[in-house]
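Some notes on the structure that comes next.
One is the number of the first residue; the rest follow in order along the sequence.
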Amino acid sequence: MSDIVRSRPKEIPHNEKLLSLKFESLDYDNSENQLFLEEERRMSHMGFRCLEITRWVICGLIGFLTGLIACMIDIAVEKLAGYKYLAVKQNIEKYTELGGLSISLILWAVLNSAFVMLGSLAVAFLEPIAAGSGIPQIKCFLNGVKIPRVVRLKTLVIKVFGVICSVAGGLAVGKEGPMIHSGAVVAAGVSQGRSTSLKKDFKIFEYFRRDTEKRDFVSAGAAAGVSAAFGAPVGGVLFSLEEGASFWNQLLTWRIFFASMVSTFTLNFFLSIYHGKPGQLSSPGLINFGRFDSDVSSVFIVFRGVLGALFNIINYWLTIFRIRYIHRPCLQVMEAMLVAAVTATVSFAMIYFSNDCQPLGQDNTEEYPLQLFCADGEYNSMATAFFNTPERSVRSLFHNPPGTYNPVTLGVFTLAYFALAVWTYGLTVSAGVFIPSLLIGAAWGRLFGILLSFIASSQSIWADPGKYALIGAAAQLGGIVRMTLSLTVILVEATGNVTYGFPIMLVLMTAKIVGDYFIEGLYDVHIKLQSVPFLHWDAPPTSHWLTAREVMSSPVTCFNRVEKVGRIVDVLSNTSTNHNGFPVVSDTTENDEPGKICGLILRSQLIVLLKHKVFVERASSRLSQRKLQLKDFRDAYPRFPPIQSIHVSQDERECMMDLTEFMNPTPYTVPQETSLPRVFKLFRALGLRHLVVVDNENRVVGLVTRKDLARYHVGKDGLEELHLAQT
């Protein structure tokens with residue numbers, strides 16, 4: 001037993017040279033078998049119109065529920081963080097006069113650790129997939145990778161609870177990334193008209209119970225999450241297009257925009273009621289950057305992609321360390337609590353040793369001003385940045401008037417918060433990286449603006465430091481996640497001023513170009529670390545010399561049109577192969593030559609056929625109660641029963657099964673001499689799960705799957721091949 005425990009870290013992927021075999025693909029290509037074609041042909045023009053209207057209704061529901069969840073998260077975080085900071089503030093004020101501020105530090109660290117412990121326990125022991133922002137997982141889902149449990153109801157509950165605890169616990173995190181994941185989970189659930197977790201079927205939206213339709217709705221859910229987080233409906237659509245969706249069309253764009261609009265309206269409506277201002281829908285989202293005036297006299301452009309690349313490189317090695325040594329749930333919870341306590345300690349130390357005191361004016365907007373050792377009528381400026389939720393700290397850096405912060409305060413805060421944010425991202429908690437990145441960038445951006453005004457002979461020619469904070473925030477976030485167009489629109493919508501569009505885009509493009517020279521974006525880094533077979537837009541540029549014959553999997557397990565039930569059960573029960581797609585061929589010849597391709601049938605379809613005993617003998621003896629319908633396959637979707645749960649007697653093993661009606665008679669095929677880029681383009685653009693490779697006589701010689709294509713990538717020494725591992 002000790003040997004097993006000792007070897008466990010080695011079984012976990014921890015570098016870019018591995019590709020996991022545990023991830024399956026989603027079926028984004030509809031199986032156009034006889035059942036499917038018969039249903040489509042029976043449907044009238046009015047029936048298709050009704051389906052389109054239903055899609056719009058579902059998108060509206062997705063937006064409404066996502067906005068409602070965002071409102072609940074916002075209110076819960078505001079309340080819990082408010083109680084925490086109020087208790088700590090009163091304790092600090094008490095012991096500033098009496099002495100013994102170490103008690104205040106302990107109280108702050110204990111409260112932080114308690115909140116984070118609750119959130120981390122839920123994630124580590126109940127639903128580990130709820131850790132992090134969830135954006136890499138949603139990117140993989142939309143790319144066609146089946147990430148286990150990523151869109152379950154339980155994942156949503158743990159995600160929401162976890163992010164509330166993480167933000168209230170004072171970690172250097174934001175709730176915007178988890179909002180995107182939450183919107184995706186809502187979309188996946190609502191669009192199916194049932195909950196498999198609760199075993200409740202509402203008998204609605206049954207037509208959309210397939211991967212193709214679910215993919216489009218998940219894209220809408222991700223966009224609704226962005227819209228609720230930033231109050232940016234157009235930015236949400238562009239985010240879903242730029243960062244998430246692998247497949248797109250014009251109608252989908254408008255439906256996603258509708259979902260984003262509904263999400264923003266719902267959030268603003270309920271927040272206005274909560275704050276006692278019904279009808280005033282002025283808050284653009286969870287992150288209200290406020291409105292800047294438009295007289296931007298100059299804009300600075302600096303290369304800050306290096307900072308983003310540095311963030312990603314440090315986090316990359318830190319994540320590898322976690323995968324190797326902190327993979328047990330108890331250790332993960334302890335690390336999260338340690339980070340929470342250290343965050344409180346660092347924050348307290350920064351505030352304690354800071355002598356940056358600012359006058360507390362009548363129009364002061366500080367939520368929890370700390371006097372500490374400042375004179376009466378003054379507050380500690382460092383506390384404005386640390387003794388607050390990250391969102392409020394970002395707002396203060398954007399909007400507080402010149403002179404609110406001195407350069408030393410901003411410099412020390414930037415370094416400390418950068419280190420905390422790098423350490424925090426990747427913990428076993430629900431947390432996003434958007435707001436920490438914006439906060440780091442806003443701090444050094446404001447610092448740059450202050451220093452620029454000192455250097456200049458006339459301060460009047462330089463813009464407000466808050467504007468440099470906005471540009472710096474954009475550059476830092478762009479350098480970490482490498483978003484360009486969508487982030488530009490999100491920030492423009494959040495600030496309500498299109499004047500900043502060009503400088504923000506310029507800075508984001510610069511940050512992306514510089515950052516890409518050193519390392520990929522943070523989300524792509526974590527996708528690689530999870531060894532996910534993610535397919536980018538194009539094949540590696542030096543792969544033209546490879547052909548389908550060299551990348552395909554062979555030999556291929558094939559079935560005949562009429563196949564023996566016993567052989568089907570044996571093939572599906574073979575755990576060493578665990579294939580999910582099987583070419584259907586004409587009868588093989590005596591010398592075991594491969595048969596000619598007739599169709600393709602999936603494991604999930606065969607399991608449904610076995611479950612319902614669709615055998616030739618039963619049909620001929622009229623033992624079958626009714627003809628199998630497409631509804632039977634949709635009812636089993638997406639959690640098809642395992643083959644081990646289906647009982648097939650010895651007599652039934654001798655029966656025959658006719659696959660003609662259920663197989664896809666027109667699967668996509670390529671000749672074995674087709675180049676890898678052409679195979680990649682066909683596979684990627686059509687969202688295929690299986691691509692059959694045939695010879696000159698149309699006989700099956702191989703099968704191309706996602707892993708066969710994803711294992712080739714460009715490395716330091718040119719084209720490299722990843723190793724496949726059962727992890």
Does NZ belonging to K154 count more than 12 external heavy atoms closer than 6.0 Å? yes
Got a second to check how far L691's CG is from D708's CG, nearest 0.5 Å? 10.0 Å
Distance-only polar pair, side chains of T264 and S227, donor-acceptor under 3.5 Å: yes
As a quick check of understanding, evaluate side chain to side chain donor-acceptor pair (under 3.5 Å) for S197 and R152, giving each step before the final call. CA-CA 7 Å; S197 299; R152 296 273 183 93; 5.3 Å; no
Is there a side-chain contact between Y523 and K528 in this structure, where contact means two heavy atoms from C-beta onward sitting under 4.5 Å apart? no
M657 vs F662 side-chain heavy atoms within contact, under 4.5 Å: no
Verify salt bridge (Lys or Arg N to Asp or Glu O under 4.0 Å) between K139 and D524, making sure each step is shown before the conclusion. CA-CA 9 Å; K139 282 187 67 172; D524 293 325; 3.2 Å; yes
Indicate the atoms forming the closest heavy-atom contact of P178 with G132, along with that distance. CG-O, 4.2 Å
Going by atom types only, do R567 and N560 share a side-chain donor-acceptor pair under 3.5 Å? no
Quick one: list whatever passes ring pair (Phe, Tyr, Trp, His ring centres under 6.0 Å) with H526, sequence neighbours left out. Y425
Just jot down the ring pair (Phe, Tyr, Trp, His ring centres under 6.0 Å) partners of F633, sequence neighbours excluded, or say none. none
Validation row: V185, H181 side chains within 4.5 angstrom (heavy atoms): yes
Is a donor from one side chain sitting under 3.5 angstrom from an acceptor on the other, for T196 and R639? yes
Can you tell if the side chain of F141 reaches within under 4.5 Å of the side chain of K214, non-hydrogen atoms only? yes
Is any side-chain heavy atom of T266 closer than 4.5 Å to one of C71? no
Show, in sequence, the C-alpha distance, side-chain angles and deciding distance for N33 and Q605, and conclude whether the side-chain contact (heavy atoms from CB on, under 4.5 Å) test is met. CA-CA 11 Å; N33 53 25; Q605 294 173 316; 3.6 Å; yes
Quick one: do S25 and R706 satisfy side chain to side chain donor-acceptor pair (under 3.5 Å)? Show the steps, please. CA-CA 7 Å; S25 292; R706 171 177 293 271; 3.2 Å; yes
Looking at residues at least two apart in the chain, or sitting in another chain, which of them share a ring pair (Phe, Tyr, Trp, His ring centres under 6.0 Å) with F559? F582
Mind running side-chain contact (heavy atoms from CB on, under 4.5 Å) on T557 and H579 for me, showing each step along the way? CA-CA 8 Å; T557 303; H579 296 312; 3.7 Å; yes
Would you call D538 and P677 a side-chain contact if the rule is heavy atoms closer than 4.5 Å? no
Do the non-hydrogen side-chain atoms of C59 and F217 ever get within less than 4.5 Å of each other? yes
What salt bridge (charged side-chain N to carboxylate O under 4.0 Å, His left out) pairs are there with at least one residue in residues 55-70, not counting sequence neighbours? E52-R55, R55-E213
Are R215 and L142 side-chain neighbours, meaning at least one heavy-atom pair lies under 4.5 Å? yes
F230/F434 aromatic ring centres below 6.0 Å: yes
Please determine whether side-chain contact (heavy atoms from CB on, under 4.5 Å) holds for the pair D632 and Q629, giving the CA-CA distance in whole Å, both sets of side-chain angles, and the decisive distance to 0.1 Å. CA-CA 6 Å; D632 297 302; Q629 299 176 349; 3.9 Å; yes
Going by distance alone, is a donor N or O of one side chain under 3.5 Å from an acceptor N or O of the other, for N580 and E24? yes
Hits for ring pair (Phe, Tyr, Trp, His ring centres under 6.0 Å) against Y28, two or more places apart or cross-chain, chain-then-number order -> F247
D635: which residues meet the salt bridge (Lys or Arg N to Asp or Glu O under 4.0 Å) condition with it, sequence neighbours left out? R209, K631
